[in-house]
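Presented below is the structure to which this report refers.
Along the sequence shown, the residues carry numbers beginning at 1. Each ligand, and each atom within it, is numbered from 1 in the order the structure gives.
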Amino acid sequence: MIHRLVTRVRSLLAGKPRLRKAPRRIAAQEHGIQREAVSRSAIRVCEVLQGAGHRAYVVGGAVRDLLLRVVPKDFDVATDATPERVKSHFRRAIIIGRRFRLVHVMFGSETIEVSTFRAYDVGERDTDEHGRVLADNVFGEQYEDAARRDFTINALYYDPGTGEVLDYHDGVRDIRRRRLRIIGDPETRYREDPVRMLRAVRFAAKLGFEIDPATRAPIAKLAKLIENVPAARLFDEMLKLLTSGYSVACILQLRSEGLHHGLLPLLDVILKQPQGERFVMLALARTDERARAGKKVAPGFLFAALLWHEVLSKWNSRIAAGQHRIPSLEAAIEEVLESQTEKLAIQRRFTAEMREIWMLQPRFERRNGQAPLRLLEHLRLRAGYDFLLIRCAAEEAPAELGQWWTRFLHATDAERTALLQEAGKSRDATGTRRKRPRRRRPAQAA
Ligand code: ATP
Ligand code: MG
């Protein structure tokens with residue numbers, strides 16, 4: 001008894017969550033998940049593994065979403081079988097990752113990610129000086145696997161065989177109360193992985209949950225630990241936040257938590273320039289609409305929008321210094337990409353798209369001669385045009401310009417000729433016609 005108490009106190013001091021070994025088992029009629037709502041591929045993976053004598057469950061975000069009656073994005077499975085074992089049971093399966101070895105089992109276009117239960121042992125893990133876990137790839141028991149997950153609502157296991165949900169940390173209760181609660185000692189868990197602070201904000205905003213006071217409390221103090229997270233990891237998490245369909249809500253929440261500085265480098269960039277905020281918020285609101293309608297969100301477009309005002313202010317100061325329009329835009333773009341991409345870990349594959357979207361903007365203003373017709377063949381016309389519409393909505397480009405392009409894009413050849421003439425006339429009338437563009441066409445990114 002005393003021994004158990006001592007162990008308990010010690011583990012509390014170490015910030016180790018109380019590892020509840022036996023889960024609460026919640027029957028199908030109580031939790032209400034319909035088997036039909038579960039991916040057949042995920043069920044198949046569980047059945048095959050269970051048939052071979054293993055334990056296997058649908059786990060994580062999918063179970064949370066099913067309980068919330070939201071359609072899950074994807075399905076993950078957790079099992080006591082090793083990756084090699086898992087792979088051996090399926091025809092189309094590959095082992096991925098070096099640090100975390102996971103198995104991807106493919107069924108048509110669907111991929112089920114299968115992970116082996118991982119151990120959770122604070123004392124023996126390899127951490128940096130702030131407590132960040134550097135390696136945790138030791139296999140363990142299911143209750144340990146549950147304890148190393150981030151939030152109680154993400155640590156639920158659904159067994160397609162029995163229809164039960166296994167709940168080690170009162171996640172089902174927290175879903176009912178709409179509470180986001182971290183598993184274990186909040187400060188320790190954030191130190192182990194500072195990205196969990198971002199995840200807390202993302203889940204709260206996306207699910208409309210309240211962050212439990214104890215889970216929220218240490219965030220303000222620890223926010224700066226985000227800086228120690230490798231940029232590529234941060235980028236992935238940031239992309240999840242921005243494409244969650246709830247990016248505006250996430251950003252408002254980050255702000256209300258006082259977390260908008262330091263937590264997300266890109267946000268600092270945005271919020272440093274209040275004149276760009278209107279534009280950014282509009283761009284994010286549109287992105288949210290797209291994401292919620294199930295459409296693809298192009299990261300290149302998103303980052304082009306987020307950094308646009310940075311480009312714009314550099315562009316303007318070059319023009320004010322007497323440089324030519326197009327070369328100064330090119331130079332401003334290079335400057336921004338150079339200073340931001342490394343810090344933000346924006347991958348090169350996105351920067352080509354960003355550059356093209358930006359370079360298209362002045363070209364939309366040229367409505368004389370053949371210029372608009374030539375633009376119709378541009379590969380990024382659609383993205384550039386969507387971008388233009390946001391600039392119009394933010395009132396930084398004339399609404400008339402956006403309307404003209406909308407008509408032009410949907411017009412027949414004859415209508416296009418008329419539109420070109422109309423544009424020529426209105427420019428003469430308003431006297432805003434610029435001198436003919438110089439010979440040199442704006443360089444396009446390869
Ligand atoms: P989403 O719907 O956004 O994908 P998710 O909960 O599935 O939400 P993932 O990032 O796909 O989130 O992670 C899957 C699961 O892995 C989580 O539900 C959680 O149990 C666990 N997990 C992910 N990231 C962490 C982390 N940083 N620390 C602890 N557990 C994590
Ligand atoms: Mg997921």
Quiz prompt | N/O donor-acceptor pair under 3.5 Å between Arg35 side chain and Pro160 backbone | solution =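 Checking the backbone N and O of Pro160 against the side chain of Arg35, a donor-acceptor pair under 3.5 Å is found.
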Self-check item: Check: His169 main-chain N/O paired with Asp167 side-chain donor or acceptor under 3.5 Å
Solution: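 It does hold such a pair.
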Short list, please: which atoms of ligand 1 are under 4.0 Å from a heavy atom of [X]?
X: Arg64; answer: 1 (P), 2 (O), 5 (P), 6 (O), 8 (O)
X: Gly60; answer: 18 (O)
X: Arg148; answer: 29 (C), 30 (N)
X: Lys240; answer: 9 (P), 10 (O), 11 (O)
X: Arg202; answer: 3 (O)

Give yes if a backbone or side-chain nitrogen or oxygen of [X] is under 3.5 Å from a nitrogen or oxygen of ligand 1, and no if not.
X: Asp150; answer: yes
X: Arg189; answer: no
X: Asp74; answer: no

Quiz item: Taking the non-hydrogen atoms of Glu192, is any one of them nearer than 4.0 angstrom to ligand 1?
Solution: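 No heavy atom of Glu192 comes that close to ligand 1.
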Exercise. Answer with yes or no whether Arg233 contacts ligand 1, where contact means a heavy atom under 4.0 Å from a ligand atom.
Key: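 Distance cut 4.0 Å: Arg233 passes for ligand 1.
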Practice problem: Please report the shortest heavy-atom distance between Gly245 and Arg292, naming the atom on each side. | Solution: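 For Gly245 and Arg292, the tightest heavy-atom pair comes out as O-NE, 2.9 Å.
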Checking contacts here: is it the side chain or the backbone of [X] that comes within 4.0 Å of ligand 1, counting heavy atoms only? Could be both or neither.
X: Asp193; answer: side chain
X: Arg196; answer: side chain
X: Glu237; answer: neither
X: Phe151; answer: neither

Quiz item: So with a 6.0 Å cut-off around CZ of Arg69, is the heavy-atom count from everything else above 12?
Solution: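 Yes, the 6.0 Å shell around CZ holds more than 12 heavy atoms from other groups.
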Practice problem: Step through the shown structure and confirm whether more than 12 heavy atoms of other residues, nucleotides or ligands are within 6.0 Å of CZ on Arg44. | Solution: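 No - once you tally the heavy atoms of other residues, nucleotides and ligands closer than 6.0 Å, there are 12 at most.
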Quiz item: Can you list the residues that meet the side-chain contact (heavy atoms from CB on, under 4.5 Å) rule with Asp288, with sequence neighbours excluded?
Solution: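 Partners of Asp288 under the side-chain contact (heavy atoms from CB on, under 4.5 Å) test: Ser247, Val248.
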Exercise. Could you tell me which residues satisfy ring-ring contact (aromatic ring centres under 6.0 Å, His included) with Tyr246, sequence neighbours excluded, listed by chain and number?
Key: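 None.
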Quiz item: Which residue and non-hydrogen atom of the protein lie closest to atom 14 (C) of ligand 1, and at what distance in Å?
Solution: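 Minimum-distance protein heavy atom for atom 14 (C) of ligand 1 reads Asp76 OD2, 3.8 Å.
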Exercise. Applying side chain to side chain contact (heavy atoms under 4.5 Å, CB included) between Tyr190 and each of Val195, Ile182, Ile226, Asp185, report the one that passes.
Key: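 When Val195, Ile182, Ile226, Asp185 are each tested with Tyr190, the side chain to side chain contact (heavy atoms under 4.5 Å, CB included) holds only for Ile182.
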Exercise. Would you kindly say whether Thr152 and Tyr168 are connected by a side-chain donor-acceptor distance under 3.5 Å?
Key: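 Looking only at side-chain atoms, Tyr168 and Thr152 do not form any donor-acceptor pair under 3.5 Å.
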Quiz item: For atom 13 (O) of ligand 1, which candidate among Lys73, Arg199, Arg149 provides the closest heavy atom?
Solution: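 It is Arg199 whose heavy atom sits nearest to atom 13 (O) of ligand 1.
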Quiz item: Is the Phe235 to Phe303 ring centre distance short of 6.0 Å?
Solution: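 Here the rings of Phe303 and Phe235 have centres that are less than 6.0 Å from each other.
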